[in-house]
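This report refers to the structure that appears directly beneath it.
Below, read A as the first sequence line, B as the second, and so on, with proteins coming before strands; counting in each chain starts at 1. Fair warning: this is a prediction, and the values are worked out from it, not measured in the lab. Note that these values count all heavy atoms, side chains included, but never hydrogens, waters or copies made by symmetry.
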Amino acid sequence: MKMSKLFVQTLREYPNDAEAISHKLLVRAGFIKKLANGIYTYLPLAQRVLTKISNIVREEMDASGAQELLMPFVQPAEIWQKSQRWQKYGKELLRCEDRHGNQMCLAPTHEEVITSVVSGIATSYKQLPLNLYQIQTKFRDEIRPRFGLLRGREFIMKDAYSFHTSQKDLEREYEVMAQTYTNIFKRCGLETKAVQSDSGAIGGAVSHEYMVLVDTSVGENDVFYCDCGYSANSNHAISILNKEETNGNFKEEKIVDTPNTKTIEELAKFLNIEPDCILKAVAYIADSKPVIAMIRGDKEIEETKLMNALNALEIRPMENDEVIEYLNSYPGFISHRDVDSSKVRVLFDNSAKGMKNFVLGANIKDKHITGANLEKDIEFVDISLVKEGELCPICHKPLKKTKGIEVGNIFQLGTKYSSPMNACYTDEQGQLKPYIMGCYGIGVSRTMAAAIEKYHDEHGIIWPIAIAPYHVDIVPVNCDDEEQMKIASDLYDKLQKLNIEVILDDRKDRAGVKFKDADLIGFPIRITVGKTISEGLVEFKIRKTGEVIKLSPDEAIEKCKEILLN
RNA sequence: CGGGAUGUAGCGCAGCUUGGUAGCGCACCUCGCUUGGGACGAGGGGGUCGCAGGUUCAAAUCCUGUCAUCCCGACCA
């Protein structure tokens, strides 16, 4: 491709509305253009990268035995009603009507469709197991799209669905997919960590997320991990306290005045005690019903874990007036005592177990109880957010914390979709059985952005070779110089014949412009044809290391082959 | 949906306080000159100042409403 013909316009400055470096660079280097919030055009450079990632995904998926298909992007409400997700999915599911007034939606995922597709075709156990995948646009009307392609509303996803006759066979396929995913990301030049995670709205029991570990806020997930191999998303990490027992050392239980101590910090300061000697009550509305979660004062509720413990679909913190209405209590002074247990559900976090002679709300404004102790026969659950320094549930060493960008995930769904949708096969005994399913996603467009987050410098993007839009950028310093142009064109032709993807920067601009663009766009190799041709040499520069070697044109071709064709 | 900020040419911005011909840099077009890290000169094209009302002789500027975008908290590939 000649640079003068490439449909691209690089910018001198970063766009104002971008925060994440991948977003800034994708716009500035001319890879994407925003149409609306969270909705982008992939310009030719980006499309090439996406194609490369997609092809790697295809090769590895095909090698694993999966088959590619393509499902509809616009879907009727009916199948979503069948799986009961028409109600549950919420506003992320963008709904619309067709001309006949039928309710439709834009696909955020394809469990419903694939289930209905397979149930009409794979009617016998003999046709199982199956693993089907597609690479397609998805639409999720995100609450807050941000960071460019890292969280768009429209994005490209590879989604795969597997169908089995037993949990054991699902688990076998799950392992196959785990290995396939590791291979895919490795080939894309990305190291990933598979972490245990909550399975969320997609549902199911076991799931792992593939995280690219980063140290910036664009890593929207907190990941806890241990050298022993344990790793988990914070919404799923098991909390093992590094300090199990706390004692407030109050000799007897009594009610004390604690004016204006609505927060744990204020209360701890007022009573001159540690926060971990206070039993904190956090009130929620879960599926329209009031809930109090009791937790040690230095710990926080992890709402996903709480939601799972309650088996709830939706939770939100209780408003102040609801505290008064439902609990007959006051915000900041709530206690689990005296609540009507037929109306209000009370949960105790594990962290409350080792507390003695602690401080507790008195259900009276500006009053707490000191020297309280827990009643007998309380059940404890794990609903807290892990704190740094807490212990690994496997080996009990302190956990480490980092941030991650989720580029893929794998789920064991079981019969979550097949049962309600009545999607069955006939087994060896002639019995109808629901499929046991798994599903496996990769954010293709997000992977592109994650690669930039991981590989860039102050000059621009540094593409891993496997997903670079072009491999080599040939820069004749002066396009009016016939000898330079001849050597450059010759190199261009020869490299193209070797199926090396090459750009010839034939623009009339000065060299500096071309060098800046080469660095910004991030071609892995740049060959400069300039003053050194008097010695019969060109300059061979590697973007990643900045290393420059002077070589003859033929040697430069050999060097390209060595780097690119292995 | 709550809290904060911003909307003026493709991009980055000034002008608004104190109303009076819509500007600058980059990018784009033409000519010249230049050619090793975003040159220079001359000329040129492009904007209903987010949108809708209102105040006024007159609104980018003041008032009201509205929409959009971005950042911080509840989601997920």
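- One C1' atom belongs to B/A59, the other to B/U64, and the distance between them is 15 Å to the nearest Å.
- Between A/K2 and A/D505, no side-chain nitrogen of the basic residue sits less than 4.0 Å from a carboxylate oxygen of the acidic one, so the salt-bridge criterion is not met.
- Contact of A/D509 with B/G38 (side chain to base): no donor-acceptor pair of N or O atoms is detected under 3.5 Å.
- A/V407 comes within 4.0 angstrom of the backbone, heavy atoms only, and of no base.
- For B/G37, the base has a donor-acceptor partner in the side chain of A/K541 [N/O atoms by modelled type, under 3.5 angstrom].
- Ionic pairing of A/K5 and A/D506 is not present here: no N-O contact between side-chain nitrogen and carboxylate oxygen is shorter than 4.0 angstrom.
- No N or O donor and acceptor, one from the side chain of A/R316 and one from the base of B/G73, sit under 3.5 Å apart.
- Nearest-nucleotide positions on RNA chain B place A/Y14 closer to the 5' end than the other of A/A36 and A/Y14.
- Among B/A77, B/C72, B/G36, the nucleotide with an atom closest to any side-chain atom of A/R446 is B/A77.
- Across all strands, A/Q9 comes closer than 4.0 Å only to sugar-phosphate atoms, never to a base (heavy-atom distances).
- Ion pairing of A/E111 with A/K416 is absent here, as no side-chain N (NZ or NE/NH1/NH2) approaches a carboxylate O to less than 4.0 Å.
- Qualifying side-chain contact (heavy atoms from CB on, under 4.5 Å) partners for A/E547, counting only residues two or more places apart in sequence or in other chains: A/I542, A/T545, A/I549.
- The distance from atom CD1 of A/I442 to atom P of B/A77 is 12 Å, rounded to the nearest whole Å.
- Position along RNA chain B of the nearest nucleotide to A/G443 versus A/T532 favours A/T532 as the more 5'-ward residue.
- If you check B/G73, B/G37, B/G12 against the side chain of A/R146, the one that comes closest is B/G73.
- Applying the side chain to side chain donor-acceptor pair (under 3.5 Å) criterion to A/E59, with sequence neighbours excluded, gives A/R187.
- Going from atom NZ of A/K91 over to atom P of B/A74 covers 18 Å, rounded to whole Å.
- The pair A/E300-A/K280 counts as a salt bridge, with a side-chain nitrogen and a carboxylate oxygen less than 4.0 angstrom apart.
- A salt bridge is defined here as a Lys NZ or Arg NE, NH1 or NH2 lying under 4.0 Å from an Asp or Glu carboxylate O, and A/K305 with A/D382 meets this definition.
- Judged by atom type and distance alone, A/D519 reaches the base of B/G37 through a side-chain donor-acceptor pair under 3.5 Å.
- When the C1' atom of B/U34 is taken as reference, atom CG of A/D481 falls 14 Å away, rounded to whole Å.
- Here the C1' atom of nucleotide B/G37 and the NZ atom of A/K516 are 5 Å apart, to the nearest Å.
- The partner of B/G23, taking Watson-Crick or G-U wobble pairs whose two distances both stay under 3.5 Å, is B/C13.
- Residue A/N37 places at least one side-chain N or O closer than 4.0 Å to OP1 or OP2 of B/C70.
- Closest to the side chain of A/E406, from the set B/C70, B/C76, B/U35, is B/C76.
- We find that A/D222 and A/K403 are joined by a salt bridge, their nearest charged nitrogen and carboxylate oxygen being less than 4.0 Å apart.
- The base of B/G38 is not paired with the side chain of A/R507 by any donor and acceptor separated by under 3.5 Å.
- Spacing of C1' atoms, B/C24 relative to B/U18, comes out at 23 Å, to the nearest Å.
- Closest to the side chain of A/D480, from the set B/G38, B/C72, B/U35, is B/U35.
- Using a 4.0 Å heavy-atom distance criterion, A/G530 is classed as a base contact.
- One atom, NE2 of A/H23, and another, P of B/C70, lie 8 Å apart when rounded to the nearest Å.
- The CZ-C1' distance, from A/R12 to B/C13, rounds to 15 Å in whole Å.
- Using a 4.0 Å heavy-atom criterion, one finds that A/E19 contacts the sugar-phosphate atoms exclusively.
- In this model, no side-chain donor or acceptor of A/N16 finds a partner on the base of B/C13 within 3.5 Å.
- Across the protein-nucleic acid pair, A/I533 atom CD1 and B/G36 atom C1' stand 12 Å apart, rounded to whole Å.
- Nucleotides B/G38 and B/A52 are separated by 44 Å at their P atoms, to the nearest Å.
- With respect to the salt-bridge test (charged N to carboxylate O, under 4.0 angstrom), the residues A/E220 and A/R146 qualify.
- Between A/R144 and B/C72, a side-chain N or O to OP1/OP2 separation shorter than 4.0 Å is present.
- Using a 4.0 Å heavy-atom distance criterion, A/I143 is classed as a base contact.
- Counting non-hydrogen atoms under 4.0 angstrom, A/L520 reaches a base of the nucleic acid.
- Of the C1' atoms belonging to B/U48 and B/A9, the separation is 13 Å, rounded to the nearest Å.
- Scanning residues 147-163 of chain A for heavy-atom distances under 4.0 Å to RNA chain B yields A/R151, A/G152, A/F155, A/M157.
- Here A/K33 lies out of heavy-atom contact (under 4.0 Å) with every strand.
- Comparing the C1' positions of B/C72 and B/C29 gives an interatomic distance of 44 Å, to the nearest angstrom.
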